[in-house]
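Being a predicted model, the structure only gives us computed values, none of them experimental.
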Amino acid sequence: MTPELDDAFAAIREEYGRESLRRVESMLEPGGGSPRHPLRRGAKWILPGLAETPWHDPRGHPEIAPVVAAFEEAHPAIKEELNGAWADRPEVFAEYEHYLTRQADWRALYLHRNGRLVEEAAEVAPTAYRVLEEYAVRTGTLCPLLECHFSTLLPGATIAPHCDLWNFSINLHLAVDIPDGCSITVAGETRSWVEGKCLLFDYSFEHEARNEGIRPRTCLLVDLWHPGATVPERAALTVLVTEIRRLMRDG
C-alpha cells in the first residue's frame with residue numbers, strides 16, 4: 001500500500017464505515033484471503049464473498065438486466081452499423097491486445113478504453129455507443145478499469161484457455177454476428193452464442209473461445225461490475241488498480 005492508497009482507503013472507510021473494505025483488505029493479504037477454485041488459479045485477485053458462479057443469468061441481476069435489455073433491443077441497428085463499418089472502414093478494427101497476448105486473427109473496435117468513452121467510435125457505431133453510455137456508463141454499472149469493444153474472431157481463430165485478472169467485474173457478450181461453428185467454454189461448460197442475445201459470465205474462471213465457421217464472429221464485450229461488489233468496494237478497487245497501473249507505468 002502506498003500513502004496515496006492509504007489515504008484513499010481511509011476516506012472511503014470514513015464515509016461508509018470501518019468494515020466497508022474488509023473484503024478488499026482480505027483479498028490483498030498473502031494467499032488472497034480465501035481458498036481458490038482450481039479453475040481460477042490464473043487470476044490475480046479474487047474478492048472473497050462473491051458468488052462462485054461461472055455462468056450467470058443475463059437478466060438475473062437487477063443492476064445488469066436493463067443493460068442486457070437495451071443492448072438486445074438495439075441489436076438490429078448495432079449489427080447493421082457493424083457490417084457497414086467492416087465494409088467501409090475496416091481499418092478501425094485493430095489487432096486485439098489482450099494483457100496476455102496480441103492476435104492478428106482477433107480484431108477489436110473499442111467503445112470504452114483507459115477509463116473513458118472512445119469518442120471516435122460514436123461515428124462508427126453510434127447505436128452501441130449510445131446504449132453503452134446511457135445504460136452502463138451513466139448508471140455506474142460499467143467497470144471503468146477495463147473496456148468495452150466489438151470483439152471479432154476471424155475464421156479459424158481460437159482464444160487459448162486463460163483466466164482474466166479478477167472476479168470483481170463480470171463480462172457481458174452481446175452476440176452481434178454469429179456464424180455456425182462458434183462456441184465459448186467457461187469452467188469446462190461450452191455454450192454457443194445466439195445472435196441478438198447476451199451471455200454473462202465470470203471471466204476469472206478459465207475460459208476459451210473458437211470460430212470454426214467460414215466468416216467472422218463478432219460479439220460486443222462489456223465489462224460490468226460484479227453485482228456482488230459494493231459501492232465502497234468498487235471505489236477502493238478503482239483507486240487500487242489505477243494506482244498499481246500508475247506505478248507500473250512510472251517504474
Determine whether [X] and [Y] make a side-chain contact, defined as any pair of heavy atoms from C-beta on separated by less than 4.5 Å.
X    : Y    : result
I64  : P227 : yes
W193 : C219 : yes
W225 : L142 : no
N83  : K79  : yes
I12  : L21  : yes
W55  : D202 : no
L237 : M27  : yes
S183 : S192 : yes

Worksheet item: Within 45° of the axis and under 6.0 Å from the centre of the six-membered ring of F93, does NZ or CZ of R107 qualify?
Response: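 Verdict for F93: no cation-pi partner in R107.
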Salt-bridge criterion met for [X] and [Y] (N-O under 4.0 Å):
X    : Y    : result
E195 : K197 : no
K44  : D164 : no
R36  : E52  : no
R13  : E25  : yes
E208 : R210 : yes
R23  : E233 : yes

Discussion item. Before you tell me yes or no, could you show the steps for E72 and C198 under side chain to side chain contact (heavy atoms under 4.5 Å, CB included), namely the whole-Å CA-CA distance, both residues' side-chain angles and the distance that decides it to 0.1 Å?
Written reply: CA-CA 7 Å; E72 290 185 350; C198 289; 3.7 Å; yes
Discussion item. When you measure from the side chain of S26 to the backbone of R22, do you find a donor-acceptor pair of N or O atoms at a distance under 3.5 Å?
Written reply: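 Flag not set: sc S26 to bb R22 has no pair under 3.5 Å.
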Discussion item. Under a 3.5 Å distance rule, please check whether R234 uses its side chain to pair with a backbone N or O of A229 as donor and acceptor.
Written reply: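 Yes, the answer is positive, given that a donor and an acceptor are paired below the 3.5 Å cut-off.
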Worksheet item: Just wondering, are more than 12 heavy atoms of other shown residues or ligands nearer than 6.0 Å to CG in D6?
Response: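 Correct, the count exceeds 12.
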Classify the ring geometry of [X] against [Y]: parallel below 30°, tilted from 30° to 60°, perpendicular beyond 60°.
X    : Y    : answer
H162 : H207 : tilted
Y203 : F201 : perpendicular
W45  : W166 : parallel

Practice prompt. Search all heavy atoms of Y110 against all heavy atoms of V118 and return the closest pair with its distance.
Written response: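 Looking at all heavy atoms of both residues, the closest pair is O-CB, 3.6 Å.
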Discussion item. Looking only at side-chain N and O atoms, does S151 offer a donor or acceptor that is under 3.5 Å from a partner on R217?
Written reply: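 Note: R217 and S151 side chains meet the donor-acceptor criterion.
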Worksheet entry | Hydrophobic cluster membership, L224 vs I78, 4.5 Å side-chain cutoff |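 Yes; tracing contacts between hydrophobic side chains, which count when under 4.5 Å, links both residues.
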Fill in: Working for side chain to side chain contact (heavy atoms under 4.5 Å, CB included), residues E119 and Y129
CA-CA 9 Å; E119 294 182 1; Y129 186 96; 3.9 Å; yes
Item to complete: Kindly determine whether L82 and F150 satisfy side chain to side chain contact (heavy atoms under 4.5 Å, CB included), including the steps that lead there.
Response: CA-CA 9 Å; L82 173 82; F150 286 100; 3.8 Å; yes
